[in-house]
Participant: 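Before anything else, here's the structure in question.
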Amino acid sequence: MKRFNKTFLTFLIALLPILSWAQIDGEFIKPQGGKFLLKNATVHTITKGVMANTSILIEDGKIAKMGSNLTADGAEEIDCSGLVIYPGMIDSGTTLGLVEVNSVPETVDYQEIGNVTPNMQALTAVNPNSEAIPVTRVSGVTTTLAVPQGGLFSGTAALINLVGYTPDQMFAGFKGVVMNFPSSARRGRWDRRSDDDIKKDNEKALKDANELWEKAISYNELISKGAELEYYPEIAQLAKVVSGELALIIEVNAASDIQNAIKWTEGKNARFIFSGVKEGWRVADEIAKSKIPVITGPVQDLPSRESDRYDAAYSNAGKMAKAGVKVALRTNESENVRNLPFHAAFAAAYGMGKEEAWKAVTINPAEIFGLQDQLGSIEEGKIANLIVATDDPFETRAQIMHVFINGFRIPLSNRHIRLYQEFLDRSPGLKTN
Amino acid sequence: MKMNTKYIFIALLLSLSLNFSWAQAPKGSVLIKNGTVLTVTNGTLENTDVLVENGIIKQIGQNLSAPSGVMTVDATGKYVMPGIIDAHSHIALDVVNEATSPIVAEVRMKDVVNPYEIGIYRALAGGVTISHAMHGSANVVGGQNATLKHRWGMNNPTDIIMQDAPRTIKFALGENPTRVHGRGNGQQPRTRMGVEAILRNGFNEAIQYKKAWADYNQAKSQKGNTAVAPEYNERLQTLADILDGKIIIHCHSYRADEIYMLINVARDFGIKKLVFQHTNEGFKVAPEIAEYTMGASVFADWWAYKFEVYYSTAFNAAILHQNGAITSINSDSAELIRHLYHEAAKTQRYGGLTDDEALAMITINPAKQLGIEDKVGSLEEGKQGDVVIFEGHPLSSYAIPQMTFVDGIKYFDIKEDSDDQRQRISPTETVEPILLSEENHRCMQDTEHLFETASALFQMNQ
């Protein structure tokens with residue numbers, strides 16, 4: 001009897017997590033590895049058109065095979081008939097994982113003290129267990145750029161896949177140093193500096209940047225000639241930009257600043273990426289001519305000037321794309337990176353078109369980050385970052401049915417969903433009996 | 001000659017005062033033909049016309065013809081819905097917070113309405129015809145709010161105030177009032193205990209104030225009385241008006257415990273007109289909110305920007321609605337107000353609400369919470385002619401508002417949107433300022449002096 005009780009108790013305890021945290025689909029609570037066959041979906045490859053009635057075999061974290069007559073061969077079969085499959089979306093500028101609660105400084109890890117801190121590693125501060133990560137990935141965003149903020153050289157951004165328990169497991173293969181180009185715009189209404197002061201600040205910042213750049217060149221030259229130099233982590237990191245090992249992500253927004261930033265990059269030998277680019281539409285042709293790719297957003301944003309048309313931010317990405325700029329989108333969000341598909345929808349509606357908007361959250365960022373052979377489209381051999389949905393995932397009415405990241409099947413649960421399950425029909429309800 | 005000047009002066013004064021008293025918001029007429037009409041309260045009507053005459057919806061039906069001189073708009077293939085109502089906004093206000101005391105019930109937002117703010121036009125471009133211009137959240141009892149009609153182009157602030165809307169007042173619980181007063185000013189409340197005490201003390205004082213006036217009025221009616229009137233106090237009078245059901249409370253709140261506290265306070269004082277704002281943890285006390293209040297006005301998906309919203313869920317609106325609480329979705333932001341139709345649509349991703357349920361969250365439900373549901377909030381004959389025409393269903397992420405009418409007058413037309421829509425250009429700024437992080441969230445604006453650093457302020461504004 002006693003023994004039975006013990007067994008029964010063990011059984012109950014084992015069942016408890018499932019009972020109390022049952023998923024929407026009631027299946028599992030942690031990412032599942034293995035071999036999966038997604039059967040008979042409409043596959044939007046992004047790079048190779050739309051394929052009807054197509055199955056995808058996922059093996060070893062990769063898209064192993066695609067076709068109409070694939071056999072399971074031991075893979076777990078998932079019926080996807082009537083559903084659509086897209087590549088996982090990439091948000092090219094976030095603080096996801098670098099902050100838990102923005103108003104609680106103890107949880108804010110995206111901004112270090114100092115003006116020149118390119119050696120600060122965002123990847124180090126990514127919390128793989130942030131509550132916001134499962135909240136984000138059920139929306140179909142599978143990959144984000146974690147971007148440090150503030151100062152002239154903020155730190156080093158890192159691309160992460162939203163699965164894994166250590167930053168290294170999450171790392172998706174791209175790092176770039178972040179520079180805030182001296183800005184002629186005010187930071188906000190509380191920024192009471194005079195126009196002259198702003199100009200002086202900018203001239204000094206640009207002078208600093210140029211001096212640092214020269215130092216980085218010298219450092220790089222000496223190192224490549226085998227010199228042993230004193231420990232100088234900031235310049236050592238910038239030297240990696242100068243050598244081409246790391247990209248330089250330049251945050252720049254006002255039209256005149258963008259023009260100055262283009263000039264600043266001329267004659268410099270490095271991989272440049274512009275980020276923000278809020279007034280890009282004013283100088284879109286010049287950006288296109290410079291061939292510098294752009295990460296822009298948020299799309300759902302106010303115009304930068306009162307006189308601007310109300311949809312200036314909605315239409316910015318589309319205007320730049322039309323001018324020939326390679327555009328990727330970002331939310332610049334932390335807890336609401338999940339809205340990336342909706343930012344993309346607004347860009348699509350206000351001139352970019354759906355096809356280009358999809359590229360801006362998939363293959364374009366993959367190319368900008370130099371990972372086009374691994375991410376950003378559904379092709380054999382690429383990493384299995386996939387989403388399965390009932391409908392166009394940019395639409396709020398669509399439900400995301402399955403998410404795969406790095407080949408792992410992701411549980412479609414998070415705190416928001418668990419709270420829904422607990423409180424939709426609360427017990428006890430209004431009365432205690 | 002001297003006499004003449006005087007007469008002219010008096011005549012001018014007279015005409016001026018007459019102009020002011022006659023100043024009336026303009027009303028228009030329009031026939032919108034062949035649209036898919038989303039009435040919200042009476043289902044969806046295909047190929048249907050909406051006729052607005054003199055600012056009022058005269059008829060909804062098929063094959064209506066325009067009375068002579070009335071403009072006709074072809075809405076074939078387009079969607080026609082009621083003007084969107086934002087139950088929580090700070091646009092068109094010169095200041096937001098009077099942060100000097102935990103109770104500032106005497107303050108009125110209608111005194112600081114700015115009809116020139118570009119935010120009004122941008123809201124119209126998102127189909128929003130009415131916004132609830134609220135006092136900030138620095139005080140337990142904040143100022144009295146103003147319900148605005150977005151009549152873009154009016155010069156007189158009076159003309160954008162919805163004069164037939166009932167009075168509402170801002171309350172605030174939790175982190176904001178305790179931070180401003182407890183930490184910023186070093187006075188109560190510093191805790192959620194203090195917030196309750198401020199409320200109970202205030203209402204009890206208002207009861208005494210009411211009694212003093214009642215006693216005086218009774219004594220006054222006696223013959224040969226020598227009673228002296230109590231000193232008039234606008235603050236206490238306003239609290240007394242709340243107790244008398246003349247004012248709807250709109251309370252900034254996040255945590256379930258503080259929401260429950262205010263429900264108890266309201267029940268103890270017999271207050272029935274109570275709406276919760278933000279209400280991120282409203283879902284935890286949804287049955288209580290449904291039973292005892294006029295519901296909750298919430299964000300579609302904001303969370304984790306401060307600690308008291310860390311344990312929230314994007315399913316909040318759906319849970320509240322399914323539990324029977326009147327639920328609306330608001331913006332509290334000059335940016336978000338421009339796509340409330342999209343915010344409402346998120347209740348389909350998070351909770352699977354129907355089209356009508358989702359649309360009600362930005363039309364008839366906020367109208368109920370503002371006490372104007374008999375005038376606006378749905379397309380029904382006899383209601384005010386606030387109408388939006390959309391390209392694409394408004395709950396689609398690709399929807400684009402095309403035209404927005406207030407009282408039958410068109411204030412936004414995407415085809416007539418010019419490169420510069422400003423009504424007033426600053427004479428002091430020769431170069432237009434570029435603002436990269438526009439102040440979207442102004443709930444704590446005008447409390448800057450209480451905090452040391454810009455970053456603290458930024459975080460607080462979130």
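Below, chain A is the first sequence line, B the second, and so on; all start at residue 1. Excluded from the calculations below are hydrogen atoms, water molecules and symmetry mates; all remaining heavy atoms, backbone and side chain alike, are included. Keep in mind that this is a model prediction, so the values were computed, not measured.
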Participant: Pick one of side chain, backbone, both or neither for B:Val309, based on which atoms fall under 4.5 Å of a heavy atom in chain A.
Facilitator: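 Neither; nothing under 4.5 Å.
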Participant: Using a 4.5 angstrom heavy-atom cutoff, name the option from A:Arg397, A:Gln300, A:Gln399 with the most pairs to chain B.
Facilitator: A:Gln300
Participant: Tell me, side chain or backbone of A:Pro298 under 4.5 Å from chain B's heavy atoms, or both, or neither?
Facilitator: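 For A:Pro298, neither part sits under 4.5 Å from chain B.
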Participant: Quick one: which of A:Asn339, A:Asp308, A:Asp311, A:Val135 has the most heavy-atom pairs under 4.5 Å with chain B, could you say?
Facilitator: A:Asn339
Participant: Determine, step by step, whether A:Gln149 and A:Thr95 satisfy the side-chain hydrogen bond (donor to acceptor under 3.5 Å, both in side chains) criterion, reporting the C-alpha distance in whole Å, the side-chain angles of both residues, the deciding distance to 0.1 Å, and the verdict.
Facilitator: CA-CA 9 Å; A:Gln149 314 281 316; A:Thr95 44; 5.6 Å; no
Participant: I need the residue from B:Tyr121, B:Tyr310, B:Tyr350 with the largest number of non-hydrogen atom pairs under 4.5 Å to chain A.
Facilitator: B:Tyr310
Participant: When heavy-atom pairs shorter than 4.5 Å are enumerated against chain A, which of B:Ser312, B:Ala286, B:Gly352, B:Ala318 gives the highest number?
Facilitator: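 Most heavy-atom pairs under 4.5 Å with chain A: B:Ser312.
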Participant: Report the residue from B:Phe315, B:Phe283, B:Trp303 that forms a ring-ring contact (aromatic ring centres under 6.0 Å, His included) with A:His416.
Facilitator: B:Trp303
Participant: Between A:Tyr310 and B:Phe412, is the ring centroid distance below 6.0 Å?
Facilitator: yes
Participant: Quick check for you: among B:Glu291, B:Gln348, B:Arg422, which has the greatest number of heavy-atom pairs under 4.5 Å with chain A?
Facilitator: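 Max contact count across the listed options: B:Arg422.
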Participant: Using non-hydrogen atoms only, which part of B:Ile400 is less than 4.5 Å away from chain A: side chain, backbone, both, or neither?
Facilitator: both
Participant: With a 6.0 Å cut-off on the ring centroids, do B:His150 and B:Tyr411 count as close?
Facilitator: no
Participant: B:Tyr254 ring centre to B:Lys306 NZ or CZ under 6.0 Å, with the angle to the axis within 45°?
Facilitator: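 No, B:Lys306 does not sit over the ring of B:Tyr254.
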Participant: Short question: side chain of A:Asn127, backbone of A:Gly97 - any donor-acceptor pair under 3.5 Å?
Facilitator: no
Participant: In terms of heavy-atom proximity below 4.5 Å to chain B, should A:Ala344 be classed as side chain, backbone, both, or neither?
Facilitator: neither
Participant: For chain A, which of B:Val285, B:Asp419, B:Asp355 has the most heavy-atom pairs under 4.5 Å?
Facilitator: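 Answer, by heavy-atom pair count under 4.5 Å with chain A: B:Asp419.
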Participant: Is it true that B:His278 and B:Phe299 have ring centroids separated by less than 6.0 Å?
Facilitator: yes
Participant: Contact part of A:Gln111 toward chain B, heavy-atom cut-off under 4.5 Å: side chain, backbone, both or neither?
Facilitator: neither
Participant: Is the closest side-chain donor-acceptor distance between B:Tyr398 and A:Asp392 under 3.5 Å?
Facilitator: yes
Participant: What part of B:Leu353 gets within 4.5 angstrom of chain A, counting heavy atoms only: side chain, backbone, both, or neither?
Facilitator: neither
Participant: Most heavy-atom pairs under 4.5 angstrom with chain A, which of B:His339, B:Glu175, B:Gln322?
Facilitator: B:His339
Participant: By a 4.5 Å heavy-atom criterion (distance strictly below it), what part of B:Glu288 contacts chain A: side chain, backbone, both, or neither?
Facilitator: both
Participant: Does any donor atom in the side chain of A:Gln259 or A:Ser256 lie under 3.5 Å from an acceptor atom in the other side chain?
Facilitator: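 No.
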Participant: Report which part of A:Glu422 has an atom under 4.5 Å of a heavy atom belonging to chain B: side chain, backbone, both, or neither.
Facilitator: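 No part of A:Glu422 comes within 4.5 Å of chain B.
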Participant: A:Ser334 versus chain B, heavy atoms under 4.5 Å apart: side chain, backbone, both or neither?
Facilitator: neither
Participant: Quick one: what part of A:Ala313 sits under 4.5 Å from any heavy atom of chain B, side chain, backbone, both or neither?
Facilitator: neither
Participant: Taking B:Lys346 first and then B:Asp301, would you say they form a salt bridge - that is, a charged N and a carboxylate O separated by under 4.0 Å?
Facilitator: yes
